[in-house]
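Just so it is clear, the values below take in all heavy atoms, side chains as well, and ignore hydrogens, waters and symmetry mates. In the text below, chain A, chain B and the rest are named by the order of the sequence lines, each starting its count at 1.
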Amino acid sequence: VCSLAPPEKRLRIGRTPLLGMQSITFETELPPGARLCASDPARVLNSLLHKIEIFCSDKPNRHMLLSKEYVNYLGRELTKRLIAGKLIETAAVPVVTERVHSALLDELTLEDRINDEVRVILEAYSEEMRKTGANYQEMFRKVKSELVRKYKAVL
Amino acid sequence: VRLSRDKVNVLARAVSDVLKQMDEVEFIEDPNTIRQGTRKILEDLLNQEEKIDQSARQKIESQKRTILEGSQEWDILYRKYYNEEVKKLGV
């Protein structure tokens, strides 16, 4: 849902709770002499979605498949059970736990890292995308699937 | 389990590969058995995580007033209840 509220330089984006997203307000400055009009709402919306994507990506609470607290627990418990189940033996439990935890974390944050790379790529083409009116979300999906293929990633 | 079967397999492989590279680790079973064992343990632990997720959601649903999923309040409460459940595991 996109609505343009006065004053003209203030743009308000509302995301519906039905989509599982928060409502946020994002303000941006228009270039001097420019004004918003409803003749090309798709372009305005794409530009805003792009900015929101960057805004959200800067948030410290990044999306991950599992919480960090649980991944810590997962690493510890997995190591403990592998030893208790007599599958492996080690005298260096803390070192092994740390390595197991790192391996899990690395794999579980893979999608975040791919998303970051997509944002960097799209940022480099932002001006061109803006000019051509390319759909940011569509481009995001395309570039992401390319990277997933390139890295043979399982998300 | 919120993770796909493929993802759990990838995690199990990643863990067993790391263990294989470590001099500090001695494999009592063959690598394939260890990978399969790792996958089973992960599945069990991920089922446990799913219960934590459900418990946190139920606590929010049991509030007197309706809190919409996706709202800031929902997120804060979810994180609070989720972490409370995780702490019960001794984390």
Side-chain angles (χ1 to χ4, degrees), chain A residues 14-25 59-61 63-111 148 151-155, chain B residues 1-31 33-42 44-46 48-50 52-53 56 66-75 78-79 82-83 85-87 89-91:
Chain A
R15 288 176 167 187
T16 66
L18 280 174
L19 294 172
M21 298 173 187
Q22 288 179 31
S23 286
I24 60 166
T25 302
K59 288 285 175 192
N61 184 22
H63 169 74
M64 195 165 77
L65 295 169
L66 296 170
S67 77
K68 278 189 178 167
E69 291 81 6
Y70 200 80
V71 179
N72 287 338
Y73 171 73
L74 208 58
R76 270 209 308 273
E77 195 62 20
L78 177 57
T79 310
K80 205 164 84 181
R81 292 192 193 186
L82 284 170
I83 296 167
K86 300 197 185 308
L87 290 166
I88 61 164
E89 254 181 18
T90 182
V93 178
V95 180
V96 177
T97 303
E98 181 50 41
R99 293 289 301 274
V100 167
H101 172 254
S102 293
L104 292 171
L105 192 64
D106 200 41
E107 193 55 51
L108 289 167
T109 53
L110 179 62
E111 188 168 4
V148 167
Y151 297 130
K152 294 181 178 139
V154 175
L155 303 183
Chain B
V1 181
R2 286 187 289 173
L3 302 185
S4 69
R5 182 178 278 266
D6 284 349
K7 187 70 178 176
V8 178
N9 281 332
V10 168
L11 284 169
R13 196 177 304 123
V15 169
S16 55
D17 285 350
V18 156
L19 294 174
K20 237 188 284 181
Q21 290 163 9
M22 292 184 75
D23 295 334
E24 298 93 333
V25 176
E26 195 181 325
F27 275 30
I28 301 173
E29 294 287 348
D30 65 280
T33 307
I34 288 170
R35 188 179 52 78
Q36 285 176 354
T38 303
R39 185 175 54 79
K40 277 182 192 161
I41 297 168
L42 280 173
D44 184 41
L45 291 169
L46 291 170
Q48 199 176 4
E49 197 273 342
E50 199 172 350
I52 290 173
D53 170 71
T66 307
I67 300 164
L68 285 176
E69 184 171 346
S71 65
Q72 197 173 11
E73 188 182 8
W74 193 95
D75 286 345
Y78 178 81
R79 208 169 302 138
Y82 183 97
N83 286 336
E85 292 296 317
V86 173
K87 274 180 191 160
L89 300 169
V91 176

**Request:** Quick one: closest heavy-atom pair of B/A14 and A/A103, and the distance?
**Result:** O-CB, 4.2 Å
**Heavy-atom closest contact (B/V86 atom, A/E69 atom, distance)** = CG1-CB, 4.1 Å
When rounded to the nearest 0.5 angstrom, what is the spacing between [atom1] in [X] and [atom2] in [Y]?
| X | Y | atom1 | atom2 | value |
| --- | --- | --- | --- | --- |
| B/R79 | A/S67 | CZ | OG | 10.5 Å |
| A/I88 | B/E24 | CD1 | CD | 11.0 Å |
| B/L46 | A/L66 | CG | CG | 6.0 Å |
| B/I28 | A/K86 | CD1 | NZ | 7.0 Å |
| A/Y73 | B/E49 | OH | CD | 11.0 Å |
| B/D23 | A/T90 | CG | OG1 | 10.5 Å |

**Prompt:** With respect to chain B, which residue among A/L110, A/L87, A/D106, A/V154 yields the maximal number of heavy-atom pairs within a distance under 4.5 Å?
**Reply:** A/L87
**Asked** Contact part of B/Q21 toward chain A, heavy-atom cut-off under 4.5 Å: side chain, backbone, both or neither?
**Response** side chain
**Fill in**
Applying a strict 4.5 Å limit to non-hydrogen atoms, the region of A/I83 in contact with chain B is neither
Looking only at heavy atoms and a cut-off of under 4.5 Å, which of [options] has the most pairs with chain A?
| options | answer |
| --- | --- |
| B/I41, B/N83, B/L45, B/D17 | B/L45 |
| B/D53, B/T38, B/D6, B/T33 | B/T38 |
| B/D30, B/V25, B/N9 | B/V25 |

**Prompt:** Are the side chain of B/K7 and the backbone N or O of A/L108 linked by a donor-acceptor pair below 3.5 Å?
**Reply:** no
